[in-house]
Protein chains: 2
Amino acid sequence: MSRRSGILEFAVLGLLRESPMHGYELRKRLNTSLGVFRAFSYGSLYPCLKTLVANGWLTEEPGNTAEDALSAPLAGRRAKIVYRLTADGKEHFEELLAQTGPDAYEDETFAARFAFFGQTSRDVRMRVLEGRRSRLEERLEKMRASLARTRERLDDYTLELQRHGMESVEREVRWLNELIESERVGRDQRRPGPPAPERQDATETSGGRTAHRGESSRPDPSEDTAT
Amino acid sequence: MSRRSGILEFAVLGLLRESPMHGYELRKRLNTSLGVFRAFSYGSLYPCLKTLVANGWLTEEPGNTAEDALSAPLAGRRAKIVYRLTADGKEHFEELLAQTGPDAYEDETFAARFAFFGQTSRDVRMRVLEGRRSRLEERLEKMRASLARTRERLDDYTLELQRHGMESVEREVRWLNELIESERVGRDQRRPGPPAPERQDATETSGGRTAHRGESSRPDPSEDTAT
DNA sequence: ACACCCATGTAAGGTGTTACATGATTAG
DNA sequence: CTAATCATGTAACACCTTACATGGGTGT
């Protein structure tokens, strides 16, 4: 009820796919790896985790994360919760990644999906990149039309803002073209290894390792209380 | 209370400064002139107008807009409301435009202010442009630092996303540099204006927020029921 | 002793959207 | 006369943030 998210839910599933984590750690990763385009607070994260559990996509186990697991016997310890992706959750995540549909190519939705490209097949990647591109081209056309209609009524600054906006979009289109070309040519995105033979798992093409994701970005990626 | 906005309130005041309008027309202007970076629905606009009136920044008068004012004597006509900026509203708007302070240089806040640059002094424009630039430079430094910390743990796609994000920011910084230079040189923005240093050639500066973040974002800035 | 990161949560509120409800005016 | 566009609003709900409340662990 009520507290589903879109992007947050998706990102949580994606991060947990790599390894189980505490909410706390999840939030840090969200605001670093993915923080290029978005930041989240506990006030949205914890409630979101609850509903993901309720949906059967995650399990919550008391305890510590692998590293310090063997130490103290968590007897009277404070409630620490490790979230882990279930098989259903995995499946759900993959569906989300592969989703087509109009909302799938908006700015943030696209960026979120792109960040997890390492976990899909080339087919899906191509589809998403092309979907994003045509979304942007639509946008450009509308901007051009509207600019043509109203150019003379606008002052120089408004005009400059629109020009700049359009150039930004055009630039992203060029970026997408490059990425699409790379995919077509077959540049293997997947780090060091050989082509990564498909796993036994049915829908799963991603294979092995996606390493860890990193950090970067937002106003203050280092910690929350800031800027 | 409750229904104040930030950016919406600001944009409404700015548009009404030019001329009185109906809510309906306001919304259209919001989604075209300013639509480059943001779109709004009636569900937020009308409530916002109410509170602006309550604050004494607008007046509402029944009737039509100047053009068709002289026709029908609005006898049993439907409630049509013309909103007009008061002196207080004007003052308030100018304060908002000139505001310094940490929130003043975020993506959307800045874009909104920029769109109304034609209504301020060069001093304010310079201050805002420089504020935005240092905001972005902060951001870049953090992104670089965090990237340096974690580069090896990232997969190619996440890395590419971050690289592209940083380039977008760098591009906006270059754009700001040009604008600041233009202001310094004294290119007069207001109205017909002389040259405004050509830029469409080679270097192709510009660019900015793009990719992630809002820009135009909304499916259909031209009209509502669409896409 | 104190500070500071770890860690989990909730309540209230801000800021918006969608879908609905209503009706006038204009153009084909 | 019918469709589109003009025009105003409300109710429900989505999604997030801030500020609060609570407490454990580690380093100086």
Side-chain angles (χ1 to χ4, degrees), chain A residues 1-12 21-28 30-31 38-51 53 60 62-65 67-68 71-72 74-83 103 106 108-109 218-219 222-227, chain B residues 1-12 21-31 38-51 53 60 62-65 67-68 71-72 74-83 103 106 108-109 214 217-220 222-227:
Chain A
M1 305 77 154
S2 85
R3 57 189 31 153
R4 310 166 95 291
S5 172
I7 237 174
L8 176 53
E9 165 186 315
F10 176 77
V12 164
M21 270 183 267
H22 292 140
Y24 185 87
E25 199 184 341
L26 252 173
R27 176 179 169 276
K28 267 210 309 199
L30 282 170
N31 294 204
R38 198 78 141 98
F40 295 97
S41 64
Y42 294 126
S44 52
L45 176 57
Y46 282 112
C48 171
L49 286 169
K50 294 271 175 196
T51 70
V53 169
E60 42 182 13
N64 294 296
T65 247
E67 294 108 38
D68 37 48
S71 56
L74 58 89
R77 258 120 159 301
R78 198 200 191 287
K80 274 172 110 174
I81 302 175
V82 175
Y83 292 93
D103 286 2
E106 296 307 308
E108 300 202 333
T109 327
R218 273 289 98 187
S222 47
E223 257 315 311
D224 45 321
T225 56
T227 274
Chain B
M1 313 307 183
S2 92
R3 52 178 51 141
R4 311 165 95 292
S5 174
I7 239 173
L8 177 53
E9 166 186 315
F10 176 77
V12 164
M21 270 183 269
H22 293 141
Y24 184 86
E25 199 185 340
L26 252 173
R27 176 179 168 276
K28 266 211 309 199
R29 300 280 306 271
L30 281 170
N31 294 204
R38 197 77 142 99
F40 295 97
S41 63
Y42 295 126
S44 53
L45 176 58
Y46 282 112
C48 172
L49 286 168
K50 294 271 176 200
T51 69
V53 169
E60 42 181 14
N64 294 296
T65 246
E67 294 109 38
D68 37 48
S71 58
L74 57 87
R77 260 122 159 297
R78 198 198 192 289
K80 275 173 107 175
I81 303 175
V82 175
Y83 292 93
D103 286 1
E106 295 308 307
E108 300 202 332
T109 327
S217 142
R218 281 289 118 199
D220 189 23
S222 50
E223 256 315 311
D224 44 323
T225 59
T227 274

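First the proteins, then the strands, lettered A, B, ... as listed; each starts at 1.
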- Message: The test is side chain to side chain contact (heavy atoms under 4.5 Å, CB included); show your working for B:Val82 and B:Met21 and say whether it passes.
- Response: CA-CA 5 Å; B:Val82 175; B:Met21 270 183 269; over 6 Å; no
- For side chain to side chain contact (heavy atoms under 4.5 Å, CB included), just list the numbers for A:Val53 and A:Leu49, CA-CA rounded to whole Å, side-chain angles, deciding distance to a tenth of an Å, and then say yes or no. CA-CA 6 Å; A:Val53 169; A:Leu49 286 169; 5.5 Å; no
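The B:Pro47 side chain lies nearest to D:dT10 when the options are C:dT8, D:dT10, C:dG9. Closest contact between the side chain of A:Tyr46 and the listed nucleotides D:dC16, D:dG9, C:dA7 involves C:dA7. For B:Tyr24, taking side-chain heavy atoms from C-beta onward, the closest of the listed nucleotides C:dA7, D:dT8, D:dC16 is D:dT8.
Atom-to-atom, CD of A:Glu108 to P of D:dA14 comes out at 19 Å; the value is rounded to the nearest Å. As rounded to whole Å, 16 Å separates atom C1' of D:dG9 from atom NZ of B:Lys80. Remark: P of C:dT17 and CZ of B:Arg38 are 7 Å apart, rounded to the nearest angstrom. B:Glu9 has its CD atom 13 Å from the P atom of C:dG14, to the nearest Å. Protein atom CG of B:Leu8 is 13 Å distant from nucleotide atom C1' of C:dT17, rounded to whole Å. A:Ile81 has its CD1 atom 9 Å from the C1' atom of C:dA7, to the nearest Å. In this entry the distance linking CG of A:Asn31 with C1' of C:dA7 reads 15 Å, nearest Å. Between B:Leu45 atom CG and D:dA7 atom C1' there is a gap of 12 Å when expressed in whole angstrom units.
Between atom CG of residue A:Asn31 and atom OG of residue A:Ser41 there is a gap of 8.5 Å, rounded to the nearest 0.5 Å. From A:Lys50, atom NZ reaches atom OH of A:Tyr83 across 5.5 Å, with rounding to the nearest 0.5 Å.
Side-chain atoms of A:Arg27 come within 3.5 Å of backbone atoms of A:Phe40 as a donor-acceptor pair (strictly under, hydrogens ignored).
Minimum interatomic distance between B:Pro47 and B:Tyr42 (heavy atoms only, all atoms of both residues): CD-O, 3.6 Å. In terms of heavy atoms, A:Leu8 sits closest to A:Ser44 at CD2-O, 3.6 Å.
In this structure, A:Pro62 and A:Ile81 have side chains that are not in contact, with every pair of non-hydrogen atoms separated by 4.5 Å or more. Side-chain contact check for A:Leu30 versus A:Leu45: some heavy-atom pair is nearer than 4.5 Å.
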Shorter than 3.5 Å, N or O on both sides, protein versus nucleotides 18-20 of chain D: list them out with atom names.
none

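Listed pair B:Lys50 / D:dG9 meets the phosphate criterion, a side-chain N or O lying under 4.0 Å from OP1 or OP2. Regarding contacts with the backbone of C:dT8, every side-chain N or O of A:Arg27 stays at 4.0 angstrom or more from both OP1 and OP2. Between B:Lys28 and the phosphate of D:dT5, there is no side-chain N or O to OP1/OP2 separation shorter than 4.0 Å.
For DNA chain D, if you chain together Watson-Crick or G-U pairs that step i with j, i+1 with j-1 and so on, the runs of at least three with distances under 3.5 Å are C:1-28 with D:1-28.
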